[in-house]
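Working notes, beginning with the structure itself.
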Amino acid sequence: MSEEKGLNFIEEIIEADLQSGKHTSIATRFPPEPNGYLHLGHAKSICLNFGLALKYGGKTNLRFDDTNPITEDTEYVESIKADVRWLGFNWSEELYASDYFEQLYGFAEKLIEKGLAYVDDSTSEQIAEEKGTPTQAGKSNQYRQRSPEENLMLFRGMRAGKFKDHEKVLRVKGDLASPNMLMRDPVIYRIKHAHHHRTGDAWCIYPMYDFAHGQSDSIEKITHSICTLEFVPHRELYDWLIKHLEIFPSRQYEFARLNVTYTVMSKRKLLQLVQEKFVNGWDDPRMPTISAMRRRGFTPESIRDFCDKIGVARRENLIDVGLLEFCVREHLNRIASRRMVVFDPIRVVVQNWNGPDTEMLSGENNPENPDVGHRNIPFSKEIFIEREDFMEEPPKKYFRLSPGQMVRLKHAYIVKCTGFKKDDAGNVTEVHVEYIKESRSGSDTSGLQVKGVIHWVSAAHALNAEVRLYDRLFRVEDPSTIEGDFREHLNPDSLRIQKVMAEPSLAGAQPGEKFQFLRMGYFTPDPDSTPGSPVFNRTVTLRDAWAKEQKKQ
RNA sequence: UGCCCGAUGGUGUAAUGGCAACACAGCAGAUUUUGAUUCUGUUAUUCUAGGUUCGAGUCCUAGUCGGGCAACCA
C-alpha cells in the first residue's frame, strides 16, 4: 500500500549497506535519557528506529542514556517503557548506559595509555576560556602535557573518590585549533558525588554523553545510530573515538526533529510547564507527551500513521497540527461508538406525545461498522436539545429548528416546531414541537424530507456528566521561535470544563473506550471519572463545515 | 563574520540526469437520518546567478536566506 512512497534517506542508506554486504542485518536503538516523559518528537524517533528494524528484519534495543545521576529517575524509566509499549513496539533488549560504566572506564584508561586523554585541573570557566571561539583557536594549558602514567594515577584517584566535584575532569587530547568546537579537547568524565538511580553510590565519576553514547552503540553492535540534527557536529568525535578505541564501527545518521504548530517539543520547556503548574502534570491532555495523548484519547495507530505521513528528512520542519488531527479522526471514525450528549441544553416538549412514558429506540453504534451493533436509547415527552440547534430567527441555510420548521431527532422522529417560551431577559427557555408519528427511524412512512438532523437526550433519563474541552496549548504557531518568554503565549482557553447531559448508555464508560458524541467530537473517559459521574476528555472535534460557512459571513 | 547542515505548492514529503507527484490544508460540487464520514473536481511548487549536459529540482561554483556549533546536559 505505502509502496508507492519513495524511501527516506535512511532507508536508502540501509538498503545500500545491505546490498553491498556491509551489513547482513541491521540494529538500531532508541536511547532516551530518563529525565522526562516521552513526547510526540520521541514518537517520531521510536517509529523510525523500531520501524526500520521491523522493515529490514533487524532488532532495536531500548537503551536508557543514564549518565547524569542528578536529573535522572526510575519514575521516568517506567513511564518511558510504558509509552514505547503502548505505541506498539517491542524492544529486543532493555539496556542502560550505566550497565557499561566499568567497560567505559576501561575505554578511558585505554585512551589515557595511548596518550589521547588527560586529566585537567582547570575550572570549567578556565576550560571554556581556553577553548577559544568558533573563529579563534583554543589554547593549551599546563595539564595537557601530563604523562600517561600521571594521568592514569590521577584518573584512578578520581574514581577512588579522592577529589571533590569539579576538581578535575578527564579530557580527550584532540585538536585545539579544530573548526569543530567539539574536537577541542572535550570533557569525557566528570566527578559527581551523586546517587545514581541504578548504580547507587558505586561511582563518583560519570562519563559524558560523547563518551557513553557512541561506545554503547558500539558495544551493542548498533549498525545505524539515528539521532537528531543537533548532533551533527558530534559525529566527528563519535567516529574519532570509535577509531582510537578500535571498537565496532557504529555509524551515526541525523534527521530533523519534529516540530508541531501551537505546541512546544522540548523536555526542558515541558518540565517547566509541569513544575510551574501551567498544566496539571506530564499527562495533562493538553501536553504533547505520549502519556497525555493517551489520556486525551489518541490511539497508537493514529500516532504511528502521523509519524509515517510526516516523513523523515534533514530539513527543519513545522508540521501543521491539523495533520495530527486528521490522522486521529480517520482512525476514531472507524472505531468510536456513537453516542448522543447535549452540551448546552434547552428543554423541548413534544406537545402531541401520546406514546408510552418511555419509548426505547435503537441507534447504531457505528455507521462505518455494522458489526458493532446497536444500543437502546430512551425517548420521552420531554427532551433536551442543543441550545444552538434552535433559532427564533434563523439565518439562511440554517437546517435546524426554528418556528414552523422541521428537523429529525436522530434515531427518533421528525418534529415540527410549534412554539417556544422566553424568560424576561429574552432567553429561550422551552421549545414546543409536535412529532410526526409515522416518521420513526427505521420505519418511516411519512414521506417527509428534512435537511436537518440533530442529537438529543431524554430529560427524564439524562445522565449528568462532565466534559473537558481542550484547545491548542499556545496561541502562536511557533512558540519556541517567537520573541520573549514562551510562557507568555500560552492559550488561556486551552481547557474548558462543562457539565453536560448524556444518554444513559454512557453510564458505564471505561477509560480507554472511544466515543464519538454525535456532531460534537471524539471523546474518551478520563480516569477522574467516578461511578455515576463520568468525565470525558475531548480528543478532537469533528470537522465542522457549518462553522466554516458561518465564519465566511 | 570561522566551520557544519539545509532550501521543491500554504504545510510536509517524493521524484536517485529524462513528463515535478502524493498527503494535509484551501476552494467548488455530489451523497448523507451526524452540516460527520464518503465521493468527484480544482487552485497552488523546484531560493538567486552562472556553469556542465542533447537534457538539471537533481551534478559543479558563487551568492542569498534559514538553522546549528564556544554545558563538568543529552
Side-chain angles (χ1 to χ4, degrees), chain A residues 4-8 12 31-33 35 65-68 70-72 120 122-124 127-129 131-138 165-171 178-182 184 186-192 205-206 208-210 212-213 227-236 254 256 261 267-268 309-320 322-327 329-330 333-334 338 340 363-364 367-368 397-400 407-412 414 439 441-442 444 450-455 481 516-521 541-550:
Chain A
E4 309 240 331
K5 200 168 178 181
L7 301 177
N8 68 47
E12 280 177 18
E33 183 188 9
N35 68 347
D65 233 334
D66 55 350
T67 58
N68 186 358
I70 311 289
T71 57
E72 295 155 7
D120 192 328
S122 309
T123 64
S124 61
I127 290 174
E129 167 78 33
K131 222 168 227 184
T133 68
T135 54
Q136 217 174 4
D165 288 8
H166 305 293
E167 220 175 310
K168 287 179 167 39
V169 289
L170 184 70
R171 290 226 264 168
S178 172
N180 182 352
M181 298 297 295
L182 272 155
R184 325 243 268 224
V187 172
I188 55 174
Y189 262 95
R190 76 287 216 193
I191 300 170
K192 274 181 196 282
I205 58 171
Y206 293 93
M208 298 282 290
Y209 167 84
D210 286 302
H213 197 106
C227 60
T228 47
L229 247 28
E230 66 265 30
F231 292 97
V232 168
H234 292 251
R235 189 172 65 234
E236 189 179 354
E254 312 87 10
T261 55
K267 269 200 273 186
R268 203 198 90 240
K309 282 189 161 70
I310 59 177
V312 178
R314 278 174 74 86
R315 77 169 128 157
E316 318 247 331
N317 57 77
L318 179 59
I319 309 283
D320 187 342
L323 181 62
L324 214 210
E325 293 176 348
F326 168 82
C327 292
R329 282 188 191 114
E330 190 180 49
N333 177 49
R334 297 200 311 267
R338 271 54 171 177
M340 294 198 287
E364 59 201 352
E368 308 291 316
K397 291 199 264 183
Y398 185 80
F399 307 149
R400 307 173 189 179
V407 282
R408 162 149 326 257
L409 298 174
K410 181 76 180 174
H411 301 311
I414 292 173
S439 68
S441 285
D444 184 351
V450 294
K451 190 96 174 152
V453 180
I454 62 175
H455 61 278
T481 60
Q516 184 197 98
F517 294 171
L518 249 46
R519 308 204 296 139
M520 303 309 279
T541 60
L542 256 29
R543 282 184 63 204
D544 190 347
W546 172 240
K548 197 181 281 182
E549 178 71 26
Q550 284 176 305

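Letters go in sequence order (proteins before strands), and every chain restarts at 1. Note that the structure is predicted; figures quoted are calculated from it, not measured.
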When rounded to the nearest Å, what value does the distance between P atoms of U11(B) and G26(B) take?
->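 Looking at atom P only, U11(B) and G26(B) are 15 Å apart.
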How far does the C1' atom of U53(B) sit from the matching atom of U13(B), given to the nearest Å?
->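 Result for the C1' pair: 29 Å, nearest Å.
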Among [options], which nucleotide sits nearest the side chain of [X]?
| X | options | value |
| --- | --- | --- |
| M181(A) | G35(B), C69(B), C72(B) | C69(B) |
| D444(A) | U13(B), U33(B), A74(B) | U33(B) |
| A313(A) | U34(B), A14(B), A74(B) | A14(B) |
| K131(A) | C72(B), U13(B), C24(B) | C72(B) |
| N68(A) | G67(B), C73(B), U34(B) | C73(B) |
| N317(A) | C72(B), G35(B), U13(B) | U13(B) |

So [X], base contact, sugar-phosphate only, or nothing? Heavy-atom distance under 4.0 Å.
| X | result |
| --- | --- |
| I70(A) | nothing |
| G442(A) | base |
| V450(A) | nothing |
| Q516(A) | base |
| L323(A) | sugar-phosphate |
| F517(A) | nothing |
| R268(A) | nothing |
| P32(A) | nothing |
| R408(A) | base |
| H213(A) | nothing |
| F326(A) | sugar-phosphate |
| K168(A) | nothing |
| T481(A) | nothing |
| M208(A) | sugar-phosphate |

Can you tell me the pairing partner of G6(B) across any strand shown, Watson-Crick or G-U wobble, with both distances under 3.5 angstrom?
->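 Across any shown strand, G6(B) pairs with C65(B).
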Scan every strand shown for a Watson-Crick or G-U wobble partner of G29(B), both distances under 3.5 Å, and answer none if you come up empty.
->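 The base-pairing partner of G29(B), which may sit in any strand shown, is C39(B).
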For R519(A) and A36(B), is the shortest distance between a side-chain N/O and OP1 or OP2 below 4.0 Å?
->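 Answer no for this pair, as no side-chain N or O of R519(A) is under 4.0 Å from OP1 or OP2.
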Check: [N] base within 3.5 Å donor-acceptor of [X] side chain:
| X | N | result |
| --- | --- | --- |
| E368(A) | U38(B) | no |
| H455(A) | A36(B) | no |
| R400(A) | G35(B) | yes |
| T135(A) | U1(B) | no |
| R543(A) | U37(B) | no |

Could you walk me through whether F231(A) and H213(A) pass ring pair (Phe, Tyr, Trp, His ring centres under 6.0 Å), step by step?
-> CA-CA 11 Å; F231(A) 292 97; H213(A) 197 106; 7.2 Å; no
Round to the nearest Å and state the distance from D65(A) atom CG to A74(B) atom C1'.
->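 Going from CG in D65(A) over to C1' in A74(B) covers 7 Å.
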A74(B) C1' sits how many Å from E33(A) CD, rounded?
->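 In whole Å, A74(B) C1' and E33(A) CD are 5 Å from each other.
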Is the closest basic N to carboxylate O distance between R338(A) and E364(A) below 4.0 Å?
->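 No, R338(A) and E364(A) are not salt-bridged.
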Starting at the 5' end of RNA chain B and moving along, which residue's nearest nucleotide shows up first, I454(A) or G311(A)?
->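 It is G311(A) whose nearest nucleotide is closer to the 5' end.
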5' priority, RNA chain B, between I310(A) and V453(A) [closest heavy atom] |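 Looking at RNA chain B, the more 5' nearest nucleotide goes with I310(A).
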